[in-house]
Amino acid sequence: MKNAAIILWALIKGSLITARHFFTNLWFHFLRLIGIKKYRPGAVTIQYPEQTKPLPSRYRAAHRLTKRPDGKPRCVACLLCATVCPSECIIVEATEDPDPEVQKHASRFEIDLARCCFCGFCVEACPEDAIRMDTGRIDLAARSRADLVWDIDQLSRGRS
Amino acid sequence: MAEITIDGRNLEVADGLTSLVAAEKAGISIPHFCYHPALAPEGTCRMCVVDIEGAAKPEPSCSTVIRDGMKIETRSPRVVEARRNVLEFLLADHPIDCPICDKAGECRLQDYYRDYGFFSSDFHEQKKRRSKILKIGERLILDRERCILCTRCVRFLRDVTKTGEMGVFERGDNSEIGVADGVPVATAYSGNLVDLCPVGAITDAAFRFRTRTWFLDPKPSICPFCARGCRVDVDVHPGFARYPETGGILRVRPRPDATPAGPWICDVGRYAWIEIESRRARRIVWNKGAAEAVLSGDKVFSILGAKIRALSESGRTDRLTLVLHSGLTNEEWADVKAFRDGFNPRPKIRLADPPDDGGDDFLRTAERMPNRRGAAEAGCDLQPLDPGELREDTDILFVFAGIWGDIGDLERRLEVWRTIRTKALVSPVLTASDPLFDFVFPCAIPYEKSGSYIGFDGRRREFTAVRPAPEEAESEGEILRSLLAACGLGARTPGGS
């Protein structure tokens, strides 16, 4: 009998919390509707993944290798990103570029997103603005670890 | 002796020293580009200026000889300002392409810019364009934009190798380093120009874009390619967590005390590992008739051990022959001795080295093997191998081929040895003769061993392994020890650790 009372009380308590959120949000929606407290939106349910929430402009999402005006990757394989990377998830191998003004480019550029901690140090370290984390891609789930190792083509594709 | 004061410290130094050397002896480092301890002072870069009491202007310390009672200030505001200005002028035409420069990380311009610079340049003119990838030697690439005209390379070729291929051409701000008449630098010591260059103007084609210098882990070793025994640093890459394949030797450089003549090594010592690495043997091979079988080391040793035991039981172990080379370390010679003494009658031991080349009159000795004296002192009654020998009196033959995989005329000797029942080759590299042996063992190269050599001058030089040998490869000494153990006779022979 005592147990039933505890269960009942817990149910009521839970419903009260839900009700409190409902009325608080209703109140905020109402204030917004009549033009007060515009900066404080009420909670809304987003139908993810059909709907997505806009990311903050500096959000560090999946990486992208930027391109020169002629379409070649900007990366000169200086390995500063691989040097600074705290999770050692970047592999770069350099090779000779036929263009003497470029001299050096990456023949292999891989990021293991399973290891990556999205700290953004690689973006800060890059002297050529060759890597950015502005793709906005946050849906990085994959079925195997190998699928999370992005090579130079996947990284160059950018927003996709 | 002269009494001088550097930065307020009273020092007593030998007469005739320059103030830069005197300061360095006192532990005060003075930045410099053109000065090099093994070359005559030139005084062109003006980075080493110091304040000397009584002098109107800062004086270059690399070419100012000390006098008694001299008072030197190496870090006064005037000196720091002067160095900053020197650096600004040097950087005025510098391309600042550090991201693609192989010198980055060990570049003096970078180091001194950190110490004296962090200025933004006052020069707004277009930087002068010069040739960037100029091949001036088999493995030398000159970038004239990066050059600061310290002339170290010119002076090295003029004063040390006395070949004088390079010079400064044109004048004023058109001055540039170049090779006379377009004839490339062909001296056998050309690799030293890369180490000498204080900036990234002369870079090594063999190291070009392989990695960045700050990943390298320099490991001291002794050059094993002749009897000179130059002290070298072997730069190995420790590899990354998910990128272990980068691990490996990437560069060999002389240590500051490489030879009494200066921090120089020859191009053989600097580059020979590249060919050896590309031909490296990594698997134990059993050539069983036409089919080539790959086995584990234990299995092969037990097969060979059984064969040797059979010889031993009929008292014919003198029909076991080891053909050795004098690249073994002194410690491995102790193993050879233990192996020899483990049998009665004793197996035959012969010495066969690749033929000597002439050497040269600078560093390279005529002996191509590093430890011929150690071999002579090992007490193994070594006799040189006669070309026609071993046809009749050998049943089991072990050939230790040395770092080049060559004992001189190996193929012709194999003709003679055709009738020998069991032949085994121990070589760090793959050779054309591999299929003619019954067993082929990969072995460690000298950089992967620890031990000592006795060089041409009778001095003992010790070294430690810079990295482990490939998985199936062992040093020659370890192979002999495993073999002795596999014969089941090891218990009778203590020693040979």
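Within every chain, numbering begins at 1; the chains are lettered A, B, ... in the order of the sequence lines, protein sequences first and strands thereafter.
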For chain B, the option from A:E88, A:E101, A:Q103 that forms the most heavy-atom pairs under 4.5 Å: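 Option with the greatest count: A:Q103.
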
Leading residue by heavy atom contact count with chain B [cutoff under 4.5 Å; candidates A:V102, A:V92, A:L80, A:T83]: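 Option with the greatest count: A:T83.
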
Centroid-centroid under 6.0 Å between B:F240 and B:F215 rings: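 Yes; B:F215 has its ring centre under 6.0 Å from that of B:F240.
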
Contact listing (chain B partner; residues 68-79 of chain A; heavy atom under 4.5 Å):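 Residues A:V76, A:C78, A:L79 are the ones that qualify, each having a heavy atom under 4.5 Å from chain B.
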
Interface residues of residues 118-130 of chain A facing chain B - heavy atom cut-off under 4.5 Å: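 From residues 118-130 of chain A, the residues near chain B are A:P127, A:E128.
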
Spacing of [atom1] belonging to [X] relative to [atom2] belonging to [Y], to within rounding of 0.5 Å:
X: B:M166; Y: B:T187; atom1: CE; atom2: OG1; result: 12.0 Å
X: B:F33; Y: B:L149; atom1: CZ; atom2: CG; result: 12.5 Å
X: A:L11; Y: A:L16; atom1: CG; atom2: CG; result: 11.0 Å
X: B:D143; Y: B:I133; atom1: CG; atom2: CD1; result: 8.0 Å

Residues that B:K103 engages under side chain to side chain contact (heavy atoms under 4.5 Å, CB included), provided they are two or more places apart: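 With sequence neighbours excluded, B:K103 shows a side chain to side chain contact (heavy atoms under 4.5 Å, CB included) to B:C101, B:E106, B:C107, given in chain and number order.
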
With sequence neighbours excluded, residues passing side chain to side chain contact (heavy atoms under 4.5 Å, CB included) with B:N174: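 Expected list: B:K128, B:E170.
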
Segment of B:R208 engaging chain A (4.5 angstrom heavy-atom cut-off):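 Answer is side chain: those atoms of B:R208 sit under 4.5 Å from chain A.
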
Sub-4.5 Å side-chain heavy-atom contact between B:P428 and B:R280: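 The answer is yes, as the side chains (C-beta and beyond) meet within the 4.5 Å cut-off.
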
For B:D195, the option from B:R152, B:R253, B:R270 that meets salt bridge (Lys or Arg N to Asp or Glu O under 4.0 Å):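 With B:D195 as partner, salt bridge (Lys or Arg N to Asp or Glu O under 4.0 Å) holds for just one option, B:R270.
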
Name of the residue among B:K127, B:R130, B:R129 meeting salt bridge (Lys or Arg N to Asp or Glu O under 4.0 Å) with B:E145: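 That would be B:R129.
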
Basic-acidic side-chain contact under 4.0 Å: B:D97, B:K132: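 Yes, charged N to carboxylate O under 4.0 Å.
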
